[in-house]
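Presented below is the structure to which this report refers.
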Amino acid sequence: MTCLVSCPSGLLVIGHLLALSSVNTQSEIWTNEVSDVQYGRLGSNVTLVCGAALDRTSVKWRLNRSSMLPWQHRVTSDGQLVLLQADRTAEGNYSCHDDRGRLIRTTRLRLGHPPGLLNVSCRVSNHSLVLCSWVESVKTLLPAQYHTSYRGNKSQVRMCVVSSPPQKQCTITDPTMWQHYHNINITETNPLGSQTTILMVKFHELLQPDPPEAVTAVGMVGYPMRLQVYWTNPASWLHDAVPFPLRFQLRYRPVGSSIWSNVESKSSPLLITDALAGHAHQLQVRAQDDINPDSQWSDWSPLLQACPWSGSTAEPTEETFPVDYNDTDADASTANTKSESSEDDGGSLLILLALFAVIILVLVSSLSVLMWVRQRRRDNVTKQELTSMVKMKSMPI
Ligand SMILES: *[C@@H]1O[C@H](CO)[C@@H](O)[C@H](O)[C@H]1NC(C)=O
Ligand SMILES: *[C@@H]1O[C@H](CO)[C@@H](O)[C@H](O)[C@H]1NC(C)=O
Ligand SMILES: *[C@@H]1O[C@H](CO)[C@@H](O)[C@H](O)[C@H]1NC(C)=O
Ligand SMILES: *[C@@H]1O[C@H](CO)[C@@H](O)[C@H](O)[C@H]1NC(C)=O
Ligand SMILES: *[C@@H]1O[C@H](CO)[C@@H](O)[C@H](O)[C@H]1NC(C)=O
Ligand SMILES: *[C@@H]1O[C@H](CO)[C@@H](O)[C@H](O)[C@H]1NC(C)=O
Ligand SMILES: *[C@@H]1O[C@H](CO)[C@@H](O)[C@H](O)[C@H]1NC(C)=O
Ligand SMILES: *[C@@H]1O[C@H](CO)[C@@H](O)[C@H](O)[C@H]1NC(C)=O
């Protein structure tokens, strides 16, 4: 029995973009003196400074220690190197040398884009944690830092704690769930500029538990239309001192059918009483916060397949060798008895065949005896007839 999963991808509710502040482009070039890395904007004219004021004739520029500069460039009168409309192939280690070949300065050039808006989504899988994550809408190709905060409607600004690198998500612990909405402020800063994305979210509407776990279904001995379904709360819903109540929805259908039957329940287990006897069924369970009607249903649990109890094929053996059935593996024991009974069937079939052969043999032999007797009688009769005819012929007329 294959119990494969078709798991709908996580429902991430994307909040609504409230306001966007414009890019603060700092400067086309941002020099980091400590590591001597220079950042430039892709597609712009990038100027590299040699340091000491020199003139064009006394300075030599090299890239990766080669005096060949593959990129289209010019050297200004004071010895600065200008790379025209630089693209990524212009990246590398630039060094400038005096006319005697002595190194004056090395600069590592990295090119990219200033930050753009972020695509932010938040997940609320229980009442005590909000996880917001983001992806860049512009690939900046440059290292960035993120500052994140949030504030409720009228409450003060609080931190959303950014994860350790890669800094692509932040967590809010103990969110004030009851507030109507919250603004989340994420500012991305890289060497070429910074950009703030502000997202308005409603935590109580985003609240979406993880799917129920450990879903199992078992048949009930003697009830070919019943399936007992068990599950547990998602692990991410278990750690509150007093867990918030959940409600559950179970859907099931015979394998091959496209129509689901639905049942709701406040707790595990749940008994299905209208299963299709003798058919494997597919089952899934999902959960929702029981108190908050604005919250989301979880995804469905992975597809589970189970069969109701079926006793028909096992009955004859059951009478002779009663099997100690056990609710939890009724299926397994049914399967065992099935194979046993089929072995028995094989044995009795052989005996039957032998019996049949004997009967046929007896029949055939008795038939031949009978025919022989009849033949003899007929022979006698014809002899008698003949003799009588002869007698008649010989009789004087
Ligand atoms: C780059 O420099 C060239 C030549 O100096 C100039 O024609 C061009 O307009 C400059 N491009 C930009 C984006 O500044
Ligand atoms: C460029 O310099 C960095 C250190 O600044 C070094 O790690 C890297 O290997 C250099 N690359 C080349 C091609 O020389
Ligand atoms: C220079 O080295 C960098 C790595 O540091 C490399 O990405 C780049 O392609 C090299 N450029 C040239 C022209 O060799
Ligand atoms: C934001 O991300 C979601 C998936 O997380 C994607 O469906 C959507 O197209 C993205 N929007 C933009 C503007 O990139
Ligand atoms: C702000 O919150 C208060 C209660 O905390 C609520 O009455 C008010 O409607 C909220 N404002 C907005 C714009 O939602
Ligand atoms: C967002 O946060 C930045 C600092 O991280 C702050 O300068 C800016 O004013 C904030 N914007 C809003 C609308 O709260
Ligand atoms: C809430 O969910 C997070 C993971 O999503 C988990 O680490 C945390 O323990 C959960 N908290 C509670 C109280 O269940
Ligand atoms: C029921 O099943 C369990 C494990 O499947 C087994 O350990 C136990 O002995 C069984 N009980 C009976 C009465 O067969």
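Whatever order the structure lists ligands and atoms in, that order sets their numbers, starting from 1.
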Salt bridge or not between Arg158 and Asp174? Use side-chain N to carboxylate O under 4.0 Å.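 No salt bridge links Arg158 with Asp174.
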So which of Ser128, Ser125, Ser236 gets nearest to atom 14 (O) of ligand 7, if we judge by its closest heavy atom?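 Of the listed residues, Ser236 has the closest heavy atom.
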Would you say ligand 6 has an N or O under 3.5 Å from any N or O of Asn185?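 N/O-N/O distance under 3.5 Å: yes.
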Tell me if the aromatic rings of Trp231 and Phe248 count as close, with their centers under 6.0 Å from one another.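 Centroid distance Trp231-Phe248: below 6.0 Å, so yes.
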Arg74 heavy atoms, cut-off 4.0 Å: which ligand 1 atoms fall inside?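 In order of number, 5 (O).
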Measure the acute angle between the ring planes of His127 and Trp237, then classify it against the limits of 30° and 60° as parallel, tilted or perpendicular.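 If you compare the ring of His127 with that of Trp237, the planes turn out perpendicular.
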Would you please classify the geometry between the Trp61 ring and the Tyr94 ring as parallel, tilted or perpendicular, with 30° and 60° separating the classes?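 Correct class here is perpendicular.
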Considering only heavy atoms of Thr187, which atoms of ligand 6 have at least one such atom less than 4.0 Å away?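 Matching atoms, with element in brackets: 2 (O), 3 (C), 5 (O).
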Starting from atom 4 (C) of ligand 1, which protein heavy atom do you reach first, and at what distance in Å?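 Answer for atom 4 (C) of ligand 1: Leu84 CD2, 4.1 Å.
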Checking a contact table here: which protein heavy atom is nearest atom 1 (C) of ligand 1, and how many Å away?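 For this ligand atom, the closest protein heavy atom is Asn45 ND2, 1.4 Å.
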Do Ser128 and Asn126 have side-chain N/O donor and acceptor atoms under 3.5 Å apart?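 There is such a pair (donor and acceptor under 3.5 Å, judged by atom type) between the side chains of Ser128 and Asn126.
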Please determine, by modelled atom types, if His147 and Ser149 share a side-chain donor-acceptor pair under 3.5 angstrom.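 No, no side-chain donor-acceptor pair sits under 3.5 Å.
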Measure from atom 9 (O) of ligand 1 to the protein's non-hydrogen atoms and state whether any distance is below 4.0 Å.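 Within 4.0 Å: no protein heavy atom nearby.
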